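Let me begin by presenting the structure, written as structure tokens, before commenting on it.
Quantities reported herein were computed from a predicted structural model and do not represent experimental measurements. Per chain, numbering begins at 1; letters A, B, ... match sequence-line order.
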2 protein chains.
Amino acid sequence: MTVRRLQYFVAVADELSFTAAARVLHMAQPPLSMQIRELEHELGVDLFRRGPRGVALTAAGQALLPEARQLLERYDLLPLVARRAGSGEVGRLAVGLVPSAANGRLPGVLHRFRGKFPDVHVSLVEDRPAELLRQLDAGHLDIVLQYSPPVRPAHGGRVLAEEAFVVALPPGHRLAARRSIPLQALAEEPFIMPMRHGGEGLYERIIKLLADHQVVPDVVQSDIWLLQTIVGLVAAGVGLSIVPESASVIRGGEVIYRPIAAQLDPVPLVAVWRLADESPTVRRFVAEWA
Amino acid sequence: MTVRRLQYFVAVADELSFTAAARVLHMAQPPLSMQIRELEHELGVDLFRRGPRGVALTAAGQALLPEARQLLERYDLLPLVARRAGSGEVGRLAVGLVPSAANGRLPGVLHRFRGKFPDVHVSLVEDRPAELLRQLDAGHLDIVLQYSPPVRPAHGGRVLAEEAFVVALPPGHRLAARRSIPLQALAEEPFIMPMRHGGEGLYERIIKLLADHQVVPDVVQSDIWLLQTIVGLVAAGVGLSIVPESASVIRGGEVIYRPIAAQLDPVPLVAVWRLADESPTVRRFVAEWA
DNA sequence: TTATCGACATATGATTAAGATATGACCGTA
DNA sequence: TACGGTCATATCTTAATCATATGTCGATAA
């Protein structure tokens, strides 16, 4: 029993004539008769009663017809299912985020992506960079957004956005009067550091930035997971901190953001994925940032 | 795309290895690779990522797998569906009845048949013999139960049961004292006749029976559709009547049934069906009377 | 009755697809 | 560097499918 034989069967059942069905199927009548006869032989039952002027369905044929129709419908849809999944129009996308990356353009990108591909289920996971990369390799994540380019050959990456660092100050702070803050000025200030989680994260970026300018910060608070919390502590007057520019939308009135008075490398936000997959869903998600 | 290629795809997806899948499928590995490659080419998407130690499903493959499984399941069931219908285990059976035939063993037969083949939908239609045969030819009925053998070459028939005629009397009637009633005695009695509907039905049988014995009945009531009604009229003292033996279960206490004192041909209850069909469902229904 | 038409079945040769065997390329491991 | 495992490629053989031509049967009409 093949799909084609079922198609032949349905055609003959529709036309109630071998000759007419053969015309519809763009084939000669004898092979059609053969195929139907073969099908009947395989099934062990007659599907048609042959008459001199056309054919009629037997009980078995009547029972088989709707089943065959349903099957052929599903069968015809299979290529579509595969192609849609292959082109990334359906499926799932698990995005891993370094905590501080959950800001800036991400909400807008997510919104547009979900609008374009409503059949793709997007899930967000927030964790430390090392853990995210582990889950990426394990296949639990499809893409990781972090602040450093991929270091493993199995990973592909692309810079999604570049952000400058800014200094976050409480309003009324003496440095708030200046338009830009020299890094050296921070040495004399109480400083708030984010969570340190190994690899090249926000913590390491800031440490390196300060070290490059021979500044030793007076850390009064550290190991903060979320940028929101850091900004909150700044607003409360605990100290000041360095955050990505995109964080400056947080607590507009209560915290002052000032650029750093130095020529700095911008911080890249990098998407990392498995090269082995090259999932079109991932490609489309990355393309959304362009 | 063929069913076999889908089966191959599922096998490889299950084993996550071409070599292992080929073993399961009892075939060599190269043709399996070929078939999968062909399938991928047709669909326009890759289904597997080939690695040095096995393969993994792509997004398209993951999407296709459950669909293919479902399709194959239905596909495997198709022969069963056709065969069960072909053997008469499922389907429908439309039985046409001459009104007076709806008695005797029919309820028991119906009950047993429905017990044996619960998936066969049995419907009963009561009408005149001529109309029933017309509907039989039109395909609206599968079998007709009547009191005469088939007269058309397109029809097959079999006697399901033979019944003697008996006389139905009201209790206390003067003839009730006798063990058997001579037909001539009926000439002096008020007589109730069933509905006349052309063809060879109960009416014609009784008319012929009486004529054969030179009895002219005193018909006080006629055109009664149902035997139950006739028996009811007898019980009410309207008159007496001749009914098939099987009707003697009706109104046990209120009506007396007596055999006819004459050597009579028994009345055959005949099943009639289309020879062209030879439906197994019809065969099984007829066999139930054996 | 016989001729003819229409519809399905049978027969045979040509084309195409699917399978097996043998071999090659590539990666990881000892 | 050699070896084992896995998938890809090449070639041949076999089997299935299709088309053309022809046969059979029943219905219809002269």
Side-chain angles (χ1 to χ4, degrees), chain A residues 1-43 45-58 60-61 137 152-155 274-278, chain B residues 1-43 45-58 60-61 72 75 137 152-155 274-278:
Chain A
M1 187 174 60
T2 68
V3 167
R4 189 179 27 198
R5 283 181 178 165
L6 289 178
Q7 289 169 332
Y8 289 176
F9 163 68
V10 171
V12 175
D14 281 341
E15 301 291 330
L16 288 179
S17 155
F18 280 71
T19 312
R23 262 198 304 276
V24 172
L25 293 168
H26 303 293
M27 66 187 294
Q29 168 261 318
L32 179 58
S33 291
M34 287 289 244
Q35 294 297 325
I36 297 293
R37 190 161 287 281
E38 278 292 309
L39 179 61
E40 289 175 321
H41 188 73
E42 283 177 311
L43 296 177
V45 294
D46 283 359
L47 298 172
F48 296 101
R49 280 183 293 118
R50 277 88 166 164
R53 55 173 188 276
V55 295
L57 281 165
T58 63
D137 286 329
R152 307 252 302 274
H155 290 162
R274 292 185 300 280
L275 274 180
D277 278 15
E278 277 294 356
Chain B
M1 187 175 62
T2 69
V3 168
R4 191 179 24 202
R5 282 180 178 166
L6 289 178
Q7 289 168 333
Y8 289 176
F9 162 68
V10 170
V12 175
D14 282 339
E15 300 291 329
L16 288 180
S17 154
F18 281 72
T19 312
R23 261 198 305 277
V24 171
L25 294 168
H26 303 292
M27 67 187 294
Q29 166 261 317
L32 179 58
S33 291
M34 285 290 228
Q35 294 298 324
I36 297 293
R37 189 161 287 281
E38 277 292 309
L39 179 61
E40 289 176 321
H41 187 74
E42 282 177 312
L43 295 176
V45 294
D46 283 358
L47 298 173
F48 295 102
R49 282 182 291 118
R50 276 88 166 161
R53 55 171 188 277
V55 295
L57 281 164
T58 63
L72 291 177
Y75 178 82
D137 285 329
R152 306 251 302 274
H155 291 162
R274 293 184 301 279
L275 274 181
D277 277 14
E278 278 293 356

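If you take CZ of B:R4 and P of D:dA15, they are 14 Å apart, rounded to a whole angstrom. Here the P atom of nucleotide C:dC8 and the CE atom of A:M27 are 14 Å apart, to the nearest Å. What separates NE2 of B:H26 from P of C:dA18 is a distance of 20 Å, to the nearest Å. Atom CG in B:L25 sits roughly 14 Å away from atom C1' in C:dA18 (whole-Å rounding). Distance A:E15 CD to C:dC8 P: 11 Å, rounded to the nearest Å. The CZ-P distance, from A:R37 to D:dA16, rounds to 18 Å in whole Å. Taking atom NE2 of residue A:H41 and atom P of nucleotide C:dA9, one finds them 15 Å apart after rounding to whole Å. Here D:dT9 presents its P atom at 14 Å from CD1 of B:I36, a figure rounded to the nearest Å.
Taking every side-chain heavy atom of A:P31 into account, D:dC18 is the closest of C:dT10, C:dA22, D:dC18. Checking D:dC18, C:dA9, C:dA18 against every side-chain atom of A:F18, the shortest atom distance belongs to C:dA9. Minimum atom distance to the side chain of A:P30 is reached by D:dA21, of the listed C:dC8, D:dA21, C:dG19. You'll find that the side chain of B:A28 is closest to C:dA20, out of D:dC18, C:dT10, C:dA20.
Between D:dT17 and A:Y8, no contact under 4.0 Å exists linking OP1 or OP2 to a side-chain N or O. Residue A:S33 places no side-chain N or O under 4.0 Å from the OP1 or OP2 atom of C:dT10. Checking the phosphate oxygens (OP1, OP2) of C:dA9, a side-chain nitrogen or oxygen of A:R50 falls inside 4.0 Å. Contact annotation: A:S17 side-chain N/O to C:dC8 OP1/OP2 distance is under 4.0 Å.
Two residues are said to be in side-chain contact when any heavy atoms from C-beta on lie closer than 4.5 Å; A:Q35 and A:R4 fail this criterion. By the 4.5 Å heavy-atom criterion applied to side chains, B:D14 and B:V10 are counted as neighbours.
In terms of heavy atoms, A:R49 sits closest to A:L57 at NH2-O, 4.2 Å. Between B:L25 and B:L32 the shortest heavy-atom distance is CD1-CD1, 3.9 Å.
Checking side-chain atoms of A:Q29 against main-chain N and O of A:A22 turns up no donor-acceptor pair under 3.5 Å.
Looking at heavy-atom distances under 4.0 Å, A:F48 makes no contact with the nucleic acid at all. Across all strands, B:R5 comes closer than 4.0 Å only to sugar-phosphate atoms, never to a base (heavy-atom distances). Here B:M34 lies out of heavy-atom contact (under 4.0 Å) with every strand.
Donor-acceptor pairing under 3.5 Å, judged by distance alone, is present between the side chain of A:Q29 and the base of C:dA9.
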